[in-house]
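Chain naming here is simple, since letters A, B, ... match the order of the sequence lines and numbering starts at 1 in each. The model shown is predicted, which means the values in this text are computed figures rather than measured ones.
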There are 2 protein chains.
Amino acid sequence: MERQRVSIFDVARAAGVGVATVSRVLNSSPRVSPTTRARVEAAIEELGYHPSRLASGLSKGRQDMIAVLVPFITRPSVVSRLEGVIEVLDKSGYGTTLYSVASLSQRDRHLEYLMDRHASVGVIVISIPLSREHIASFRANGVQLSLIDTAGEDVPHVVVDDRVGGALAGMHLIGLGHRRIGFIGDEDLSGLGFASSYKRLTGLEDALVSFGRSLDRELIRLGPHGATTAKEMADDLLRLGNPPTAIFAASDTQALGVLRSAQANGLKVPDDLAVIGFDNLEVASIFNLSTIAQPLFESGVEGAQRLLCQLEGREVEQVKKVLRLELHARATTIRSAVGPMGTGLQRQLSAYV
Amino acid sequence: MERQRVSIFDVARAAGVGVATVSRVLNSSPRVSPTTRARVEAAIEELGYHPSRLASGLSKGRQDMIAVLVPFITRPSVVSRLEGVIEVLDKSGYGTTLYSVASLSQRDRHLEYLMDRHASVGVIVISIPLSREHIASFRANGVQLSLIDTAGEDVPHVVVDDRVGGALAGMHLIGLGHRRIGFIGDEDLSGLGFASSYKRLTGLEDALVSFGRSLDRELIRLGPHGATTAKEMADDLLRLGNPPTAIFAASDTQALGVLRSAQANGLKVPDDLAVIGFDNLEVASIFNLSTIAQPLFESGVEGAQRLLCQLEGREVEQVKKVLRLELHARATTIRSAVGPMGTGLQRQLSAYV
DNA sequence: TTGTATGCGTTATCAT
DNA sequence: ATGATAACGCATACAA
């Protein structure tokens with residue numbers, strides 16, 4: 001048999017006060033004398049009382065919940081960001097609700113629900129582009145918004161410059177003498193409009209153009225995100241009559257597939273093929289993979305803090321916050337004593353952007 | 001300015017009916033005539049009405065929310081499970097709330113909150129051991145429970161037999177002629193009581209004992225989960241006067257670290273050192289890593305389905321569901337034409353358990 | 001089949 | 001400083 005819920009009324013009776021006083025104690029209002037406060041707190045402890053968020057939310061007209069909208073929770077980069085978000089939210093007193101979206105319809109369904117102030121006070125969106133209308137609706141409904149890895153007009157967002165990141169990778173490879181540079185990136189099958197892979201490619205083009213060269217369409221392969229498909233695309237590239245001498249992968253996960261392809265094809269890295277990724281996941285340092293590092297966890301922390309900031313009524317000082325990218329040149333682009341899996345001297349050319 | 005919320009009352013007025021009728025339509029009660037139903041639905045559409053989960057929950061005495069308790073969201077294995085859970089929950093009509101726990105105090109805080117029927121109708125716990133008292137409390141409060149990768153008396157749970165998995169790995173290595181087998185696993189710093197690493201070690205011991213041998217404590221290293229620390233532990237093992245000829249890592253992530261260590265130390269895999277992992281993450285197939293495969297995503301799907309089953313009032317047919325483990329013998333234990341990173345013949349000895 | 005009225009557990013507005 | 005009471009939006013027992 002389920003025990004009866006102990007309500008604010010029970011506490012009030014036990015403490016010999018009115019419900020309003022108990023409510024004041026709960027919300028730490030200053031307008032209550034120390035003695036009664038103590039009595040109430042004792043009663044709360046005694047009865048093992050827990051306030052109902054439901055009732056509180058209904059009464060206040062909004063729920064003390066923060067929703068987090070994420071795509072493809074399988075991707076390590078998304079998970080790292082989410083981790084940062086949770087870290088902050090967890091000690092904030094707000095509950096965290098997770099909404100995973102993998103398709104347009106799912107996105108719209110979730111967004112429509114989240115517009116409701118009864119659902120959450122604030123929403124954190126990770127890597128999912130929002131339309132002007134979406135943002136306007138949130139605003140109209142009084143639901144705060146904080147964006148991570150995606151931009152939005154007049155909405156606090158924390159991003160990196162993917163295009164600059166791509167250029168960084170390109171410059172690095174060009175500086176090493178590479179002229180035929182392949183690219184392996186994402187094809188956006190979901191229709192959600194992920195742009196980071198494309199932006200990184202554009203950055204690569206920037207780098208090439210600045211050296212009087214241009215992007216070779218033949219050396220570009222786009223496909224579903226993942227190491228396995230990346231390997232297949234790299235195989236494809238390496239089978240070309242005039243294959244690339246370097247490959248820039250839009251993520252470390254994909255770079256792993258490229259690495260795998262190189263070895264399967266008997267190519268030495270970085271001599272026969274140079275490889276650079278993006279993200280700087282743990283696996284990158286393990287495999288001595290050159291990469292463009294971006295602060296994933298920090299982006300989550302930052303995004304969550306900015307939402308909390310708004311909820312406290314403070315203005316976010318810097319609506320658009322750009323996090324730094326950093327080139328980590330390791331053994332898959334730079335020859336060292338021991339090769340890409342070795343422990344040789346690991347040069348970290350940190351190019352701060 | 002925030003627009004006024006449209007409530008069930010507005011809909012009732014617009015449709016010229018009572019609120020109860022609207023409520024019946026919303027909850028698809030059969031006790032409403034087709035014509036009025038149509039009128040009400042039209043009004044709902046017209047006004048863009050969305051029922052408030054808050055109010056509904058308060059009225060019903062419980063929220064249509066399902067909480068998911070997860071540890072270390074960074075681990076790919078946990079993420080895969082969570083992915084499965086979300087996949088199912090997402091099309092169930094319930095909301096999904098995520099609670100991440102990394103410490104004992106965090107676990108207790110979250111559990112205490114989740115006991116509340118106002119917080120959620122059901123709770124899914126991933127990989128976190130629950131005490132008898134915890135389980136009893138959930139039951140007393142009428143909150144349904146479903147466990148994944150952790151056991152519980154009389155509570156539906158889906159698990160694998162980690163000990164058998166360890167034995168499987170052990171038998172495989174022993175069968176290949178290895179006698180000095182090292183183990184690299186997790187040290188449970190959190191105090192939460194994760195046991196899978198330990199169970200896998202016990203399984204390895206079972207295998208050794210069945211061959212008249214015993215576990216060599218000298219060859220065991222436990223440390224914080226991660227590829228980097230695993231590499232360090234492997235380095236340590238390989239520096240031994242009489243180093244192991246094979247290493248069983250408690251997870252693929254850790255096996256990656258071992259692989260890295262082997263190459264850094266100039267050891268050929270699998271000739272100088274055989275390596276086997278656990279989980280069969282995507283990275284395992286990419287790197288041709290031998291491993292004990294467990295159905296991670298499926299465990300999430302199964303766990304979520306079992307909770308939904310209970311919520312529909314049906315009994316879960318099989319309280320303890322054991323998922324199958326499978327040995328994938330690949331190039332890090334079995335010599336092939338191209339070695340661990342190659343694409344040679346990939347034998348998959350599937351030992352169903 | 002449909003409408004009325006009450007309760008769910010809080011917060012907030014009044015009084016006192 | 002404190003207490004009584006009206007919302008909050010919905011579900012449901014009861015009445016019609």
Side-chain angles (χ1 to χ4, degrees), chain A residues 2-41 43-44 47-65 93 95 113 116-119 121 141-142, chain B residues 2-41 43-44 47-65 113 116-119 121 141-142:
Chain A
E2 300 164 9
R3 63 178 182 234
Q4 189 59 38
R5 183 182 184 80
V6 0
S7 81
I8 200 174
F9 185 78
D10 302 313
V11 176
R13 189 154 37 84
V17 299
V19 289
T21 303
V22 179
S23 180
R24 287 186 193 103
V25 171
L26 289 173
N27 299 288
S28 47
S29 153
R31 318 178 69 77
V32 48
S33 80
T35 41
T36 46
R37 176 182 301 276
R39 261 215 327 282
V40 171
E41 277 167 347
I44 288 175
L47 299 175
Y49 164 78
H50 296 288
S52 161
R53 291 194 173 193
L54 232 45
S56 168
L58 182 57
S59 179
K60 283 196 291 209
R62 66 199 148 75
Q63 173 106 295
D64 50 352
M65 279 284 179
Y113 174 66
D116 192 342
R117 271 164 48 225
H118 275 201
V121 264
N141 289 25
Chain B
E2 300 164 10
R3 62 177 184 237
Q4 188 60 36
R5 182 182 187 78
V6 5
S7 81
I8 200 175
F9 184 78
D10 302 313
V11 177
R13 190 152 39 83
V17 298
V19 288
T21 304
V22 179
S23 179
R24 288 186 194 101
V25 171
L26 288 172
N27 300 288
S28 48
S29 154
R31 317 177 71 77
V32 49
S33 81
T35 41
T36 46
R37 175 182 302 277
R39 260 217 324 283
V40 171
E41 278 167 347
I44 288 175
L47 300 176
Y49 165 76
H50 297 286
S52 161
R53 290 195 173 193
L54 231 46
S56 165
L58 183 56
S59 179
K60 282 197 291 217
R62 67 201 148 71
Q63 171 105 298
D64 51 352
M65 278 284 179
Y113 174 65
D116 192 340
R117 273 167 44 229
H118 274 201
V121 265
N141 289 23

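The stretch residues 33-40 of chain A comes close to DNA chain D through S33(A), T36(A), each having a heavy atom under 4.0 Å from the strand. Within residues 10-17 of chain B, the residues that have a heavy atom under 4.0 Å from DNA chain C are, in order of number, G16(B), V17(B).
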* Structure fact -> In 5'-to-3' order, the base (B), backbone-only (S) or no-contact (-) status of each nucleotide in nucleotides 11-16 of chain D, using a 4.0 angstrom heavy-atom cut-off, is BBB---

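With rounding to whole Å, L54(A) atom CG is found 11 Å from dG9(D) atom C1'. R117(A) places its CZ atom 12 Å from the P atom of dC8(D), with the value rounded to the nearest Å.
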* CA sep, side-chain torsions, deciding dist, call: H118(B), L58(B), side chain to side chain contact (heavy atoms under 4.5 Å, CB included) -> CA-CA 7 Å; H118(B) 274 201; L58(B) 183 56; 3.9 Å; yes

* Carefully, step by step, assess L26(B) and I8(B) under the rule side chain to side chain contact (heavy atoms under 4.5 Å, CB included). => CA-CA 10 Å; L26(B) 288 172; I8(B) 200 175; 4.1 Å; yes

* Is there a side chain to side chain contact (heavy atoms under 4.5 Å, CB included) between S52(A) and R5(A) once you walk through the steps? -> CA-CA 10 Å; S52(A) 161; R5(A) 183 182 184 80; 3.2 Å; yes

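Within the structure, salt bridge (Lys or Arg N to Asp or Glu O under 4.0 Å) pairs that include any residue of residues 47-57 of chain A do not occur (at least two apart or interchain).
When DNA chain C is scanned 5' to 3' for any atom under 4.0 Å from a heavy atom of chain B, the first and last hits are dT1(C) to dG9(C).
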For a quick test of your reading: what N or O donor-acceptor pairs under 3.5 Å do the side chains of residues 13-24 of chain B make, sequence neighbours left out?
| residue | atom | partner | partner atom | Å |
| --- | --- | --- | --- | --- |
| R13(B) | NH2 | D10(B) | OD1 | 3.1 |
| S23(B) | OG | N27(B) | ND2 | 3.4 |

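From one end of the helix from dT1(C)-dA16(D) to dT16(C)-dA1(D) to the other, with five pairs defining each end axis, the axis direction shifts by 40° (rounded to 10°).
By the 4.5 Å heavy-atom criterion applied to side chains, E41(A) and V25(A) are counted as neighbours. Side-chain contact check for D116(A) versus N141(A): every heavy-atom pair is 4.5 Å or farther apart.
Interatomic distance, CZ of R62(B) versus CG of L54(A), reported as 11.5 Å (0.5 Å rounding).
Here S33(B) pairs with T35(B), T36(B) under the side chain to side chain donor-acceptor pair (under 3.5 Å) rule; sequence neighbours left out.
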